[in-house]
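Encoded as structure tokens, the structure appears first; notes follow it.
In the text below, chain A, chain B and the rest are named by the order of the sequence lines, each starting its count at 1.
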Amino acid sequence: MTALRDVIWIAGFETSRALRTWRALSLVAVYCVGTGGSTWLFIQFIGLLERELATTLGVAQTDVPGAMLGQLVESDLWRRILTGMVGSEDRGDLLVAIPILAIFHRWVGFLLVPLFAATASAECLAIDVASRAIRYEALRTGRTPIVLGRWAGQLLLSAVASLAGAAITAGLGLWAMVGNDPVPLALALLDATARAWLFAVPASAFGVLASSLVKSAAWARVLALGGVVGSWVAFGACQLASARGAPWQAAVADAMVSVLPQAWLGGLWEPRGVIAPLALVLLGGAITSFAAIRFATRDL
Amino acid sequence: MRVALRFEAVTRRFGRRTALDGLDFRAPTGTIVGLVGPNGAGKTTAFSLVGGFLRPHAGRVEILGGEGFDPWRLKGRLGVLPQDAELPDRHPVGALLVHLARLQGLASPFRAADAALEQVRLTDRRREPVGSLSHGMRRRVAVATALLGSPELILLDEPMSGLDPMQAASLRDVLAGLRGQTTLVVSSHDLHEVERLSDWVVMIALGRCVREGTLVEITGRAEVAHWHLSAPVDPADLERLLGAGATRVKGEEIELRAGTEAALDAASVTLMGWLASRDIAVRGIRRGAGLERRFLEAATG
């Protein structure tokens, strides 16, 4: 009970500390600019598609994106784009009812939130071990609560950044597009934010692991980002081996892929289902356990 | 003798360098212990072992009756001021202390934070970010973290480092006020500072304890006094007054010796009267040998 209470105190302190530092705030700003910029480009792309659709249908073109959303969503062109985004036709069909911007926000979130989470989390231990500031907490509580508390703090920070990104997307959607109902859009963006955040849980844990391994925050960031990018490369390699490799290679690839967050990404596109979120949280927990074991034996 | 802290044959290495080489010492409960030694003697490493920041490679460290550092057993009972640890600098001073007080499991973290700030006279800086304070003030905040919640055992590694003379004097008063309430271990290479503050002294050099004991024992304060006079005196007169071998005279300097503290006090009273009757002023009296001299004797064998 005491340990759990310490985890909560440390998580709160970690989040407020991160929000007071320029590094974390710059990361939130970079994430928001990335989300906002890509959303703006996507809105322009929607406008382009609508103009093309208007030409095909022989109707008048509109200047503001979103005026032909109804027709666009029902078109084969959109269905093909959706299938490309989510990697499966069946999944694409399930998403037709969701506001276009929310689908895009989910997609961008799956790409960007893990990068943000890993980079921010990479600082959570290394920087204080280097300055020895960690000693003030290490004297007063166990090392595992420190690791868990700081991870939880970083997850909170990722949630804050994700929500800020969602707010920017909503703002752009209502300002630069027509045809978006505010309430359904806001709810769909919240849903997309939660899914992107869940996908970032293992990446954040990987950042904490990197932070527990090295003393320099810069190296921890490199390791963490390398880990996130590497997991995509590993996922691609596993899929290739599974599809085209020898039987033994396929078997190894199938076994390995389940410990990669990307293996559970499909589940996050499904409207419901708890397996993928649960697996991602467990994966994050397992990675953080390694961080806790390493941190417990480390000189401070 | 009850001890709050005991090192038994503790060894700690960093690569090929041996920082502690079978260190043995005790810190009696309720005393102010001065841990002295030159730079690199192993004082900071010893403190880091007590705080659990490092682990010993051999030997045992007994802290408040238990083996080694255990954060759960020692929660709120141990305060440590690490020497080189920077404070998290973005938070207001008060918020940082409240956070640490919560982790110590204190029932009233806000009250404890206020009390610690009061002790280091920084109450008016409660709302300021740590990073905006001067070096000396940050040092005082760090001292406040160690005093937080009045732990049973407090270790302060070079607490006066970076403080101006007024701040150092004020902190010395605070620490002296803790005598008898807690066990305080203060490390310093400033031997005068330790001499002014400590009841018990531990001298370490090259990772080993070279001598430990009460300040009175180590400096010989109970047996020797050095008098500095305004005029020279005749040794034969003093021999007649105090007996053979009780004094050694060198110009205006007299070394007065006695077997016990009471005998030394009695001889001092006699000598004072005799000097007054001859209009010789006493310009200074120092009891015992300086800690610096004792340390040099012990460290060089």
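The aromatic rings of A:Phe13 and B:His99 sit parallel to each other, their planes meeting at less than 30°, with 60° as the upper class boundary.
The greatest number of non-hydrogen atom pairs below 4.5 Å with chain A, out of B:Ala85, B:Pro129, B:Gly79, is found for B:Ala85. Chain B forms more heavy-atom pairs under 4.5 Å with one residue of A:Glu137, A:Arg5, A:Arg132, A:Arg135 than with any other, namely A:Arg135. Between chain B and the residues A:Ala138, A:Ser131, A:Ala133, the most heavy-atom pairs under 4.5 angstrom are made by A:Ser131.
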- Task: Carefully, step by step, assess A:Leu209 and A:Ser212 under the rule side-chain contact (heavy atoms from CB on, under 4.5 Å).
- Result: CA-CA 5 Å; A:Leu209 176 62; A:Ser212 73; 4.0 Å; yes

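Using a 4.5 Å cut-off between heavy atoms, A:Arg143 contacts chain B through its side chain alone, with no backbone atom that close. A:Ser16 touches chain B through backbone and side chain together, each having a heavy atom under 4.5 Å away. Of the atoms belonging to B:Arg12, it is side-chain heavy atoms, and not backbone ones, that fall under 4.5 Å from chain A.
Under a 4.0 Å N-O distance rule, the pair A:Asp6/B:Lys75 qualifies as a salt bridge. Ionic pairing of A:Arg150 and A:Asp128 is present here: one or more N-O contacts between side-chain nitrogen and carboxylate oxygen are shorter than 4.0 angstrom.
No hydrogens or angles considered: a donor-acceptor pair under 3.5 Å links the side chains of A:Ser231 and A:Gln262.
Using a 4.5 Å heavy-atom cut-off against chain A, the contacting residues of residues 29-62 of chain B are B:Ser48, B:Gly51, B:Gly52, B:Phe53, B:Leu54, B:Arg55. Contacts from residues 103-120 of chain B to chain A, taken as heavy-atom pairs separated by less than 4.5 Å, involve B:Leu103, B:Gln104, B:Gly105 in sequence order.
Taking the side chain as every heavy atom from C-beta outward, A:Ile146 and A:Leu125 approach each other to under 4.5 Å. The shortest side-chain heavy-atom distance between B:Trp200 and B:Val202 falls under the 4.5 Å cut-off.
In this structure, the side chain of B:Ser198 engages the main chain of B:Val194 through a donor-acceptor pair within 3.5 Å.
In this structure, the separation between SG on A:Cys32 and CZ on A:Phe116 is 8.5 Å, given to the nearest 0.5 Å.
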